[in-house]
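Inspection log for the structure reproduced underneath, given as structure tokens.
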Amino acid sequence: MNTEPTLPFLRACLRLPVSQTPMWIMRQAGRYLPEYRATRAQAGSFLQLCRNPELATEVTMQPLRRYGLDAAILFSDILVVAEAMGIKLSFNEGEGPQLEPRINSHNDVLALHPAEPEDELGYVLATVRTIRKELDGRIPLIGFAGSPWTVATYMVEGGSSKTFSRIKGMMFDAPLVLQELLDRLADVTAAYLNAQIRHGAQAVQIFDTWGGVLSPRDFRAFSLRAMIRIMEQLDKTTPQGEQVPVILFAKGCGPLLEEVAATGCQVVGLDWTTDLARARERVAGRVALQGNMDPAILYASEARIRQEVEEVLTAYGPHAGHIFNLGHGIAQDVDPARVSILVDAVRQVSRRILSQ
Ligand code: CP3
């Protein structure tokens, strides 16, 4: 029953031809948009916004209305999985996330709640359904979760970290405790992504934001291994039988691109430190590629933004299997008008390149 998708984003994920390069932007719904800040104020806080399906749907739609992007991404956060496992989560203005209690020991791991996504994360699944209704089949919806390693960094550090001293201490001195935590996170995350797919997600992205702080050996043993464990449990199709592409975004892992591409995912998300032309040769048609413009280009002039779009799209060339995106999330101090320039440039340049 696997008929070819018609929506350009889904086609590009499966390396089918398109007439212009589909694009979306990581963190496209966020603080750089005044309408987002207004809706967040209405909700009361970021987490209350995440827990309110109507308002979360509203902020999901905001960047689509402004820019006419090719994919919507579920509005939520990777850390709601830790919360579902019994960790207290809070976001304090200007401080980033705080998680309590921190995971220190084997007993802490054993005490984690074996979350059932349909229960503890039912509000996210309600948002998935509400967004799908609002999108009405015009634009595809991407669901997401954090990689076990990336979510574990927040659970073990108790929040954001620059040094990763606690989780690396655990990795080196108590590797089996960390593996147990990663396995539990992988199993809950797989169930969570499958639930998102059942409720309407048409593609899913796994964010491995912190895989790049590991040595290649540790990346394989701790991050990649847990992502493969998820991959093995994922439903590959929607209840209607359409293929659900899996996007693996492993920031800072360009040197291990071939191994990331061999996990069974359909798309690899690249940050801007990886050469896109070479990356395409290295994956040799096994996966599509998503990315990879430096998000900081949005601080530059219109002419410079247009030039950079030309560089990125030329690097990939007139081949199937490219989704345009930034190499990481859009920053909160970006002028929304620069994003309009970016979208216009991607439309124009990609149509020219793909008609060659
Ligand atoms: O538009 C989208 O991309 C969808 C929503 C989304 C958010 N977070 C909303 C959010 C997605 C996909 C994420 C993923 C996420 N969350 C990641 C992986 C991607 C990445 O950026 O590396 C990580 C590491 C997190 C954890 C997280 N969430 C942190 C560290 C922070 C605080 C730092 C910050 O940017 O303020 C958040 C908060 C967060 N998640 C915001 C949004 C819109 C800002 C909250 C606010 O409105 O105040």
Side-chain angles (χ1 to χ4, degrees), residues 23-52 55-64 66-67 69 71-83 87 89-99 124 127-128 131 139 141-155 157-162 164 167 189 192-193 196 201 203-213 223 227 247-253 269-272 290-291 295 325-334 336 339:
M23 72 178 294
W24 67 281
I25 300 170
M26 288 190 275
R27 288 280 179 96
Q28 62 194 26
R31 285 163 295 188
Y32 74 107
L33 292 177
E35 58 270 36
Y36 169 84
R37 297 195 297 268
T39 309
R40 189 185 61 178
Q42 194 187 337
S45 70
F46 169 64
L47 276 177
Q48 283 172 290
L49 178 54
C50 290
R51 291 185 192 120
N52 182 321
L55 295 182
T57 298
E58 164 57 24
V59 293
T60 301
M61 300 304 290
Q62 287 169 349
L64 306 180
R66 249 189 206 255
Y67 305 118
L69 301 161
I73 179 154
L74 165 67
F75 190 83
S76 182
D77 196 83
I78 63 168
L79 298 177
V80 298
V81 168
E83 188 180 46
I87 303 298
L89 173 65
S90 55
F91 285 88
N92 303 320
E93 199 58 52
E95 277 179 46
Q98 267 191 349
L99 293 86
V124 182
T127 303
V128 170
I131 297 171
I139 305 285
L141 174 62
I142 306 170
F144 73 90
S147 76
W149 163 259
T150 290
V151 174
T153 65
Y154 291 95
M155 293 171 80
E157 301 289 337
S160 300
S161 173
K162 286 200 166 72
F164 300 93
I167 193 161
T189 301
Y192 179 44
L193 290 172
Q196 291 183 29
V204 293
Q205 175 156 321
I206 299 173
F207 287 89
D208 191 22
T209 303
W210 300 120
V213 305
S223 188
M227 291 195 284
I247 308 165
L248 217 157
F249 171 68
K251 187 165 178 283
C253 303
L270 296 173
D271 70 49
W272 63 98
Q290 175 176 282
N325 206 321
L326 302 177
H328 197 197
I330 188 168
Q332 58 173 313
D333 59 349
V334 162
V339 179

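Quick caveat: nothing in here was measured; it's all calculated off a predicted structure. Start at 1 and go down the list; that is how both ligands and their atoms are numbered.
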Exercise for review: Could you tell me whether the side chains of Q290 and Q205 share a donor-acceptor contact shorter than 3.5 Å?
Suggested key: yes
Point to revise | Polar side-chain atom of E157 near backbone of I167 as donor-acceptor pair, under 3.5 Å | key: yes
Identify every side-chain donor-acceptor pair in residues 142-154 under 3.5 Å, counting partners at least two apart or on other chains, and give the distances.
{"residue": "S147", "atom": "OG", "partner": "T150", "partner atom": "N", "Å": "3.0"}
{"residue": "S147", "atom": "OG", "partner": "T150", "partner atom": "OG1", "Å": "3.1"}
{"residue": "S147", "atom": "OG", "partner": "D208", "partner atom": "OD1", "Å": "2.7"}
{"residue": "W149", "atom": "NE1", "partner": "W210", "partner atom": "O", "Å": "2.9"}
{"residue": "T150", "atom": "OG1", "partner": "D208", "partner atom": "OD1", "Å": "2.7"}
{"residue": "T150", "atom": "OG1", "partner": "T209", "partner atom": "N", "Å": "3.1"}
{"residue": "T150", "atom": "OG1", "partner": "W210", "partner atom": "N", "Å": "3.1"}
{"residue": "T153", "atom": "OG1", "partner": "T150", "partner atom": "O", "Å": "2.6"}
{"residue": "Y154", "atom": "OH", "partner": "W210", "partner atom": "NE1", "Å": "3.0"}

Side-chain donor-acceptor pairs under 3.5 Å in residues 76-83, sequence neighbours left out?
{"residue": "D77", "atom": "OD2", "partner": "L79", "partner atom": "N", "Å": "3.0"}
{"residue": "E83", "atom": "OE2", "partner": "R51", "partner atom": "NH2", "Å": "2.8"}

What does the N/O contact table under 3.5 Å look like for ligand 1?
{"residue": "ligand 1", "atom": "1 (O)", "partner": "Q28", "partner atom": "N", "Å": "3.3"}
{"residue": "ligand 1", "atom": "1 (O)", "partner": "A29", "partner atom": "N", "Å": "3.2"}
{"residue": "ligand 1", "atom": "3 (O)", "partner": "R27", "partner atom": "N", "Å": "2.7"}
{"residue": "ligand 1", "atom": "8 (N)", "partner": "R27", "partner atom": "NE", "Å": "3.2"}
{"residue": "ligand 1", "atom": "8 (N)", "partner": "D77", "partner atom": "OD1", "Å": "3.2"}
{"residue": "ligand 1", "atom": "16 (N)", "partner": "D77", "partner atom": "OD1", "Å": "3.0"}
{"residue": "ligand 1", "atom": "21 (O)", "partner": "H328", "partner atom": "NE2", "Å": "3.4"}
{"residue": "ligand 1", "atom": "22 (O)", "partner": "T209", "partner atom": "OG1", "Å": "2.7"}
{"residue": "ligand 1", "atom": "22 (O)", "partner": "H328", "partner atom": "NE2", "Å": "2.6"}
{"residue": "ligand 1", "atom": "28 (N)", "partner": "D77", "partner atom": "OD1", "Å": "2.7"}
{"residue": "ligand 1", "atom": "35 (O)", "partner": "R27", "partner atom": "NH1", "Å": "3.1"}
{"residue": "ligand 1", "atom": "35 (O)", "partner": "R31", "partner atom": "NH2", "Å": "2.7"}
{"residue": "ligand 1", "atom": "36 (O)", "partner": "R31", "partner atom": "NH1", "Å": "2.9"}
{"residue": "ligand 1", "atom": "36 (O)", "partner": "R31", "partner atom": "NH2", "Å": "2.7"}
{"residue": "ligand 1", "atom": "40 (N)", "partner": "D77", "partner atom": "OD1", "Å": "2.8"}
{"residue": "ligand 1", "atom": "47 (O)", "partner": "Y36", "partner atom": "OH", "Å": "2.5"}
{"residue": "ligand 1", "atom": "47 (O)", "partner": "R40", "partner atom": "NH1", "Å": "2.8"}
{"residue": "ligand 1", "atom": "48 (O)", "partner": "R40", "partner atom": "NH1", "Å": "2.5"}

Practice item. Answer yes or no: is there a donor N or O on one side and an acceptor on the other, between the side chain of N52 and the main chain of L55, under 3.5 Å? Key: yes
Point to revise | Any residue meeting side-chain hydrogen bond (donor to acceptor under 3.5 Å, both in side chains) with E35, in chain and number order, not counting sequence neighbours | key: R66
